[in-house]
Amino acid sequence: MNSTVVTYLSQSKELTNAISWLTKALGFDASSLVAFVIFLVACLIVVGVMSTIGGLGTYAERKISADLQMRIGPNRVGPYGILQFLADGVKMILKEDIIPSGADRFTFMLAPFLCLVGVFATLAVIPFSSGFILADLNVGIFYLVGMASLVGVGVFLGGYASNSKWSMLGGMRGASQIISYEIPATITIISIVLLAGGLSMGTLIGGQGGMPQEWYLFHNPFAFVGFFVFFIAALAETNRAPFDLPEAESELVSGYHTEYSGMRFGLFALAEYIEVFVVCGVATALFLGGYKVPFDLGTGAILVEKLGMDEMLAKNIGQLLEMGAFFTKTFALYYVVIWVRWTLPRLRVDQLMTLCWKYLTPIAIFNLLGCAVWMYAFDGKSIYSLIFETAATVAGHH
Amino acid sequence: MFTNTLFLLSAALTLGGAIAVVYSQNLMHACIYLLASFFGVAGLYACIGADFLAATQLVVYAGGVVILMLFAIMLTGGTGNNINRYGLEKIAAMGNKKTYFFAGITAILASLIVLKIIANVLKDQSTTAVITANAPTVERIGTLLATDHILAFEISSVMLLGALIGAAVISRPRKERHD
Amino acid sequence: MINLGSYLGISFALFICGILVMIARKNIIAILLGIELILNASALNFAAYTKFSNNNLDGHILSLFIIVTAAAEAAVGLGIVIRFFQLRESIHIDDAASLQN
């Protein structure tokens, strides 16, 4: 019922042929087996690529921070130091895995995995392109919000189980920050859902177009403000600077993962970097047009028409273009996140809560109301099309 | 086949989590097992096509209730003394054999009552209703909430507001009076 | 395998577990955990009857309201627990035996 990566691939003739051949060879209906294998392979690809992106995130962070501080940054391992993350990974795996003597062993071991599971589960609905989305659920964005909140539980448990006062304070701050900033983020998401008229990622992106004036970012003034509310709240939800109070080095050593060492610490770091990618991807999908490319290149119709290409080949090229558009926008946001981290100073705890409850939440609620009124008053048209229509009518009168 | 596997996994997670909540002697661990049980219930919802309910279960329980519970455990835990103010020894906070015995008797009684009620359904497996394929429910639930169930919807929103204010008022630290 | 009987069985087991937790524990937060289990069991029942019995979505709506009520109940309940802890330095249910302070 939901379109998935299997739905896209089953358009090709080769897969249909392979299924019928397998059905003949095995003696039972092989379509569900093939679907399972495709899902498995796609999941492995997504997890592998995302882990690499998470690893490269640490490298990008160091390189960009070095750039901002006029240093060179990592430059020893591989060309331009690009293999630094592999060296770090090897170091983390080889390190001794220490569990503090007073720690709650079960919870201590569980916490990093909860973080990682929460982040990886959200990848199932991230729309990389119109075909390559693992599952375009009906409740896509809602599911994503629910799964991402598992990270808060992981952070809190990691802090609690370590039996250390710094970890404890870090975990407490982390959990309270995550559940507080979930509110403005979710309300902003709801205002975009109002514009699109559906919760699935396909619907949310389908209402937008390839050109910037067709994005929800420029749909109306409320959505424009909403983007910044969402982005600030997302920064706080991923515990990134200037909201990295849970891991504030100057006060809390390193926050909720003070007592973690070796690969368990690595899992926390990996989860954090992948979560940054995920929230950047969600911001792209909601506000920046997601995978849409201009001139209907995504469906490949224009290639078939003008160049006389094979239909499936044109579609595949379209998918690649869409993926390129999505990743470009997402990485641009990723750069902004890192840029913000190395530019702005850290907030105090009371300033953090003031920002959330006194500014972001009322603004988000106002945006929600504003979007609803806009949809009612202007029949869901974007500001660009309104201006265009008015100009056309004015020009028509003369 | 997918759905059956998902159903079996979810059922195992739900029941395992619930039983672990009963037997765990550590409140923190019990809360984690409860989280596992909630995830299992979300899976069970997904198996019968209740996609919106499954997502709501994840958002409300995993994101809200469990973290609240963990906070409450952390803010109150650790200072249990076993003597009450009359100098008598209290029952252990996580229960002892006596409480489990009485709980067992109550559970048996309750299960007899409930089994009597649902016996007809369990005996008669040939349900007459036509079981349709799972269809998207989000739009229909939205329509129903805004038309047939609008009064309950509004009342629940007022109740949530009341709960919000009430929880804030109750747990607010009171200032000491100097007189 | 997925039929009304199995869903009712699971929900029944959840309910019994909830009752056991509620009665065997003497910690107020643990009792709240049991109440959550019981509410989940009832919500599961409504969803199962919707699927296997009549196919209109009123059961889903009822489940939604149960979830909403459970969230409100948890918030107020834990607020009361924390207030009680501030007054008595204990969250043992037997300490909550008097009506005044």
Which bit of C:Tyr49 comes within less than 4.5 Å of chain B, counting heavy atoms only: side chain, backbone, both or neither? side chain
Where on B:Phe101 is there a heavy atom nearer than 4.5 Å to chain C: the side chain, the backbone, both, or neither? neither
Most contacts with chain C, counted as non-hydrogen pairs under 4.5 angstrom, among B:Ser37, B:Gly17, B:Ala18: B:Ala18
Evaluate side-chain contact (heavy atoms from CB on, under 4.5 Å) for B:Tyr45 paired with B:Asp51, printing each intermediate quantity in order. CA-CA 7 Å; B:Tyr45 283 142; B:Asp51 46 6; over 6 Å; no
So for B:Phe52, is it side chain, backbone, both, or neither that comes closer than 4.5 Å to the heavy atoms of chain C? side chain
Heavy-atom distances under 4.5 Å only: say whether C:Leu64 touches chain B with side chain, backbone, both or neither. both
Closest non-hydrogen atom pair, C:Ala30 against B:Leu27: CB-CD1, 3.7 Å
Counting only non-hydrogen atoms closer than 4.5 Å, does B:Leu8 touch chain C with its backbone (N, CA, C, O), its side chain (CB onward), both, or neither? side chain
Who wins among B:Ser111, B:Ala163, B:Gly104 for the most heavy-atom pairs under 4.5 Å with chain C? B:Ser111
Interatomic distance, CG@C:Asn40 vs CD1@C:Ile35, rounded to 0.5 Å, equals 12.5 Å
Report the relative orientation of the aromatic rings in B:Phe7 and C:Tyr7; use parallel for angles under 30°, tilted for 30 to 60°, perpendicular for over 60°. tilted
Interface check, chain C: of B:Gly166, B:Ala167, B:Gly64, B:Ala152, most non-hydrogen pairs under 4.5 Å belong to B:Ala152
What residue, out of C:Leu8, C:Leu33, C:Ile16, has the most heavy-atom pairs lying under 4.5 Å from chain B? C:Leu33
When every non-hydrogen atom of C:Ala47 is compared with those of B:Leu53, the smallest separation belongs to CB-CD1, 3.9 Å
Specify the closest pair of heavy atoms between B:Val60 and C:Ala71, including all atoms of both residues, with the distance to one decimal. CG1-CB, 3.8 Å
Top contributor to chain C interface from B:Val169, B:Leu68, B:Asp148, B:Ile19 [non-hydrogen pairs under 4.5 Å]: B:Leu68
Calculate, to the nearest 0.5 Å, the distance between atoms CG and CG belonging to C:Leu37 and C:Leu32 respectively. 11.5 Å
Turns out that what part of C:Leu20 lies under 4.5 Å from chain B's heavy atoms comes down to both
Mind ranking C:Thr50, C:Ile28, C:Val76, C:Val81 by heavy-atom pairs under 4.5 Å with chain B and telling me who comes out on top? C:Val76
As an exercise: rank C:Val21, C:Leu57, C:Ile19 by heavy-atom pairs under 4.5 Å with chain B and give me the winner. C:Leu57
I need the minimum non-hydrogen distance between B:Ser24 and C:Arg25, along with the two atoms involved. O-NH2, 2.7 Å
Closest non-hydrogen contact found for B:Ile73 with B:Met28 is CG2-SD, 3.8 Å
Minimum-distance pair of heavy atoms, taken over all atoms of C:Thr69 and B:Met159: CA-CE, 3.9 Å
Given the options B:Ile141, B:Thr106, B:Leu44, which has more heavy-atom pairs under 4.5 Å with chain C than any of the others? B:Leu44
Pick from C:Ile80, C:Ile82, C:Ile29 with the largest number of heavy-atom pairs that fall under 4.5 Å of chain B: C:Ile29
Structural part of C:Ala41 lying under 4.5 Å from a heavy atom of chain B: neither
Take a 6.0 Å sphere around CZ of B:Phe153 and say whether it holds more than 12 heavy atoms from other residues, nucleotides or ligands. no
Separation of B:Ile67 CD1 from B:Cys31 SG (nearest 0.5 Å): 10.0 Å
For chain B, which of C:Cys17, C:Ala70, C:Ala72 has the most heavy-atom pairs under 4.5 Å? C:Cys17
Just so I understand: if I count every heavy-atom pair under 4.5 Å between each of C:Ala43, C:Ala74, C:Gly34 and chain B, which residue has the most? C:Ala43
Heavy-atom pairs under 4.5 Å with chain C - which of B:Val66, B:Leu145, B:Leu164 has more of them than the others? B:Leu145
